[in-house]
Amino acid sequence: MAFNKDLASRLEEMAAMLELLGENRFRVNAHAKAARVVRDQTRDLSTLDADELKAIDGIGKGMAERVAELRDTGEIADHDELLDRVPGGLLDVLEVPGLGPKTVKLMWDDLGIIDIAGLKAAIEDGSLAKLPRMGAKTIENIRSSLAFAASAGKRVPMGVAMPIAERIVAHVRAVDGVTRCEYAGSLRRGKDTIGDLDVLCVAEDGEAVREAFCTMPGVVDVIARGDTKCSVRLKMEWDLGRWSGALSEDDLGPTIQADLRLVPAASWGAALMYFTGSKEHNVRLRERSLKMGYTLNEYGLFPEDTTTDEPPQKRGVEAVAGESESEVYGKLELAWIPAEAREDRGELEMTQDEAEYIVELADIKSELHAHTTASDGKMSIEELAEAAQERGFHTIAVTDHSRSSAIAGGLEVDRLMEHIEAVKAADRKAKGIRILCGSEVDILADGSLDYDDDVLAQLDVVVASPHAALKQEGEVATKRLIRAMENRYVHVLGHPTGRLIGRREGLQPDMSAVIAAAVEHGVALEINAHWMRLDLRDSHVLAAVQAGANIAIDCDVHHPDDYDNLRYGVLTARRGRVPRGLCVNAWPARKLLKWLKARRA
DNA sequence: CTTGCGCACAAGCCCCACGTGGACGTGGG
């Protein structure tokens, strides 16, 4: 939804500018929270009236007026006024890691710095060093942030970050005396993009781990090296297998920051919770702790005693919990909350049963979206089925592209008919797995489908997906997707928006309307598991689940390795708290087949 | 600026490591 996105970025800018101007921090936070809430909304906010807007948590009178203002005039007067008072380039300066609002304001007031170019000049001529708290190390870190500007602070797709994190963890675990090591942060929460990597470890010999971490292959810069925390920048090509290092100065490509935290064994659970986040989730937990007479930090959950500022662990206060996450959640009278759900989106209200019923990787027993050499896949029908069977699946659907996807080798009707026969023959021969014939049918720009109904009727499974006209207006897109789902032969709405992370925005339909239509027609909404797609995205999944829509988690298999992407799809599903009962791929074969047939009855 | 309680106003988001410089800003979740 273009409107929500526009609104959210304006509110974010307002928060940043208010902060730079030293305004009331609650006002700043209110704008930042409103921006976050707006971004998570599945409804197009321009279609809501004032009362509906104010019903949203975080949106009050003032914000509701701003929404109406943007809808009616295309502008927000307060936003424009702030832009007049704050030079635009300062917002870029604020983005530089190591610089916060106080410092940026000081640089602006004292040195007249209003953009990145001014900052660079102030570093070179030494004037920056004259500001308070600008020591050699800090300036060096700013300089290095600027040198890596192309990538520093930029988020990378989860699928790129994951292999890097796994190698770091393996590297650290190989150090003598390391008893535990895991990655935490947004990667553990399964966010679609990752800002940096957080690695926790328990070690007998801290110095050995620090040394191993700061000198591991791929490190191009050590930002901090303290007793319990080290930060480095890593060259990104790591994930491409260039593990062996041998980097020259002019070889610097995109980098990602990785932090190592050394924690005491007794604090493992508390530390893992703290570094897993999200920040918002942690804040909720700490508020709850205080209300229950505890204080929570990364060392543990402690009985609250308010007499001193010194942290409890330093005074020898005994923690009531801290060794494991479930122990801490338990003392707070909460279910253990899956890491992926820790976003302050209502997860604290989950019961133990709800938490345990969330779908997991081992539950997935079928794949409903796969391609063969008949269109743009790399495997034959048999190879596809064999790979599915190795994963323990009971059903695989062969869904090659339809005719409009010419570049992807889409099938004309006569070829589709031959293909159906080939699939049926393979299914008759196959043992222990059911091979269904299907199609990934293009949803054309107007919402009509690429094959006629009499053709679709001959298929066991129809996945309908948008591939072209992905820049059309949101309202047109909403109608397009709904019209496709109204067709009684459609089972799954494939990658509903067509977004590609970091590359293409995709359709911006009114997702609430799309979800409502999916529920009405019994169509499953797909979470396309490829890490470049993850489409539906997490916030859409949560809204779909709350509306009771069925969810399909599919790998959109083209190549044998594509099955490995399932983990990313499942992480996204868990962020949306998908229960097993709503995930069609987690159903037993009989239930799945019954559902496929029932849609057409 | 929002929420909650109650119709005008108070309270709101925590707790820690690091670097700099001696108390504060930033970044971490």
Side-chain angles (χ1 to χ4, degrees), chain A residues 11 14-15 18-19 22-35 37 53-66 78 94-107 129 131-142 145 152-153 183-189 191 194-200 222-231 257-263 267 270-291 294-302 304 309-314 339 342-344:
Chain A
L11 293 176
M14 289 176 76
L18 289 168
E19 200 170 15
E23 292 276 341
N24 177 319
R25 69 187 176 98
F26 297 114
R27 223 179 137 207
V28 174
N29 285 350
H31 281 81
K33 182 178 183 185
V37 166
L53 287 169
K54 279 190 277 191
I56 299 168
D57 187 54
I59 304 221
K61 186 162 169 285
M63 292 299 173
E65 280 167 12
R66 293 195 161 96
D78 285 354
L94 198 55
E95 295 289 307
V96 175
L99 296 181
K102 296 274 164 50
T103 313
V104 172
K105 184 163 188 336
L106 195 65
M107 291 182 345
L131 291 184
R133 283 180 306 282
M134 276 294 155
K137 182 73 184 162
T138 304
I139 290 185
E140 189 42 45
N141 283 341
I142 294 171
S145 293
Y183 59 80
S186 54
L187 186 61
R188 181 164 178 244
R189 300 203 311 279
K191 248 178 101 81
I194 308 300
D196 61 6
L197 303 173
D198 300 288
V199 176
L200 260 68
V222 177
I223 301 168
R225 182 165 173 167
D227 287 344
T228 62
K229 177 189 168 185
C230 299
S231 295
Q257 182 172 327
D259 296 340
L260 174 77
R261 303 279 181 157
L262 288 150
V263 305
S267 304
L272 194 56
M273 282 172 69
Y274 167 64
F275 288 110
T276 297
S278 65
K279 179 180 186 239
E280 290 77 8
H281 177 82
N282 287 348
V283 169
R284 290 287 94 80
L285 289 185
R286 286 174 182 204
E287 287 172 343
R288 185 182 178 93
S289 303
L290 287 177
K291 276 191 195 127
Y294 298 115
T295 180
L296 176 63
N297 62 30
E298 62 261 51
Y299 292 95
L301 185 68
F302 299 89
E304 171 75 349
D309 283 344
E310 203 180 15
Q313 72 275 6
K314 288 197 179 159
R342 300 178 193 171
E343 294 288 346
D344 187 26

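- B:dG6 sits 14 Å from B:dA11 when the P atoms are compared, rounded to a whole Å.
- Separating the C1' atom of B:dC13 from that of B:dG27 is a span of 16 Å, rounded to the nearest Å.
- Of the candidate nucleotides B:dT20, B:dG28, B:dC1, B:dT20 has the atom lying nearest to any side-chain atom of A:R133.
- Residue contacts shown for A:M273 are absent, as no nucleic acid heavy atom lies under 4.0 Å away.
- Considering only side-chain atoms of A:N24, the nucleotide from B:dC1, B:dG28, B:dT26 that sits closest is B:dC1.
- Panel note: side chain A:K279, backbone A:E343; no donor-acceptor pair is recorded below 3.5 Å.
- Candidate nucleotides B:dC14, B:dC1, B:dA17 were compared by shortest atom distance to the side chain of A:R286, and B:dC14 ranks first.
- Under 4.0 angstrom from either OP1 or OP2 of B:dC1 there lies at least one side-chain N or O belonging to A:R66.
- Residues A:R284 and A:E280 are not paired through a salt bridge, judged by the lack of any N-O separation under 4.0 Å between the basic side chain and the carboxylate.
- Rounded to whole Å, the separation between the P atoms of B:dG22 and B:dG28 comes to 25 Å.
- The side chain of A:A224 approaches B:dC18 more closely than any other nucleotide in the set B:dC13, B:dT20, B:dC18.
- Between the P atoms of B:dC7 and B:dC14, the separation comes to 27 Å (whole Å).
- Proximity note for A:N29 (side chain, C-beta onward) versus B:dG29, B:dG12, B:dC13: the nearest is B:dC13.
- Formation of a donor-acceptor pair under 3.5 Å by the A:S278 side chain with backbone atoms of A:H281 is found in this model.
- Atom-to-atom, CG of A:L197 to C1' of B:dG28 comes out at 14 Å; the value is rounded to the nearest Å.
- In this structure, the nucleotide among B:dC16, B:dT20, B:dC1 sitting nearest to the side chain of A:E298 is B:dC16.
- Side-chain polar atoms of A:Q257 and A:D259 form a donor-acceptor pair below 3.5 angstrom.
- Side-chain atoms of A:T103 and A:R133, non-hydrogen and from C-beta on, never get closer than 4.5 Å to each other.
- In this structure, A:L53 CG and A:R66 CZ are separated by 13.5 Å, a value rounded to the nearest 0.5 Å.
- An OP1 or OP2 oxygen of B:dC18 is reached within less than 4.0 angstrom by no side-chain nitrogen or oxygen of A:T138.
- Residue A:T103 places at least one side-chain N or O under 4.0 Å from the OP1 or OP2 atom of B:dT26.
- Between A:Y274 and B:dG29, no base-stacking contact is recorded for ring centres under 5.5 Å apart and planes less than 30° from parallel.
- The C1' atoms of B:dG25 and B:dT20 are separated by 10 Å, rounded to the nearest whole Å.
- If you check B:dG25, B:dC15, B:dG29 against the side chain of A:K279, the one that comes closest is B:dG29.
- Inspection of the A:T276 and A:R188 side chains reveals an N or O donor paired with an N or O acceptor under 3.5 Å.
- You'll find that the side chain of A:D198 is closest to B:dG29, out of B:dG25, B:dG29, B:dC15.
- Phosphate contact (OP1/OP2 of B:dA17, side-chain N/O of A:Y299, threshold under 4.0 Å): present.
- Using a 4.0 Å heavy-atom criterion, one finds that A:L200 contacts no nucleic acid atom at all.
- Taking the C1' atoms as reference points, B:dT3 lies 14 Å from B:dA8, given to the whole Å.
- An anti base is found at B:dC5: its glycosidic angle is more than 90° from 0.
- Under the Watson-Crick or G-U wobble criterion, with both distances below 3.5 Å, B:dC1 is paired with B:dG12.
- For A:H31, whose side chain is taken as the heavy atoms from C-beta onward, the closest listed nucleotide among B:dC1, B:dC15, B:dA17 is B:dC1.
- If you take atom C1' in B:dC5 and the same atom in B:dA10, they sit 10 Å apart, rounded to whole Å.
- Look at CG on A:N141: it is 15 Å from C1' on B:dG28, rounded to the nearest Å.
- In the set B:dG29, B:dT2, B:dA17, B:dA17 carries the atom at the smallest distance from any side-chain atom of A:T228.
- Within the 4.0 Å cut-off from OP1 or OP2 of B:dC14, not a single side-chain nitrogen or oxygen of A:N282 is found.
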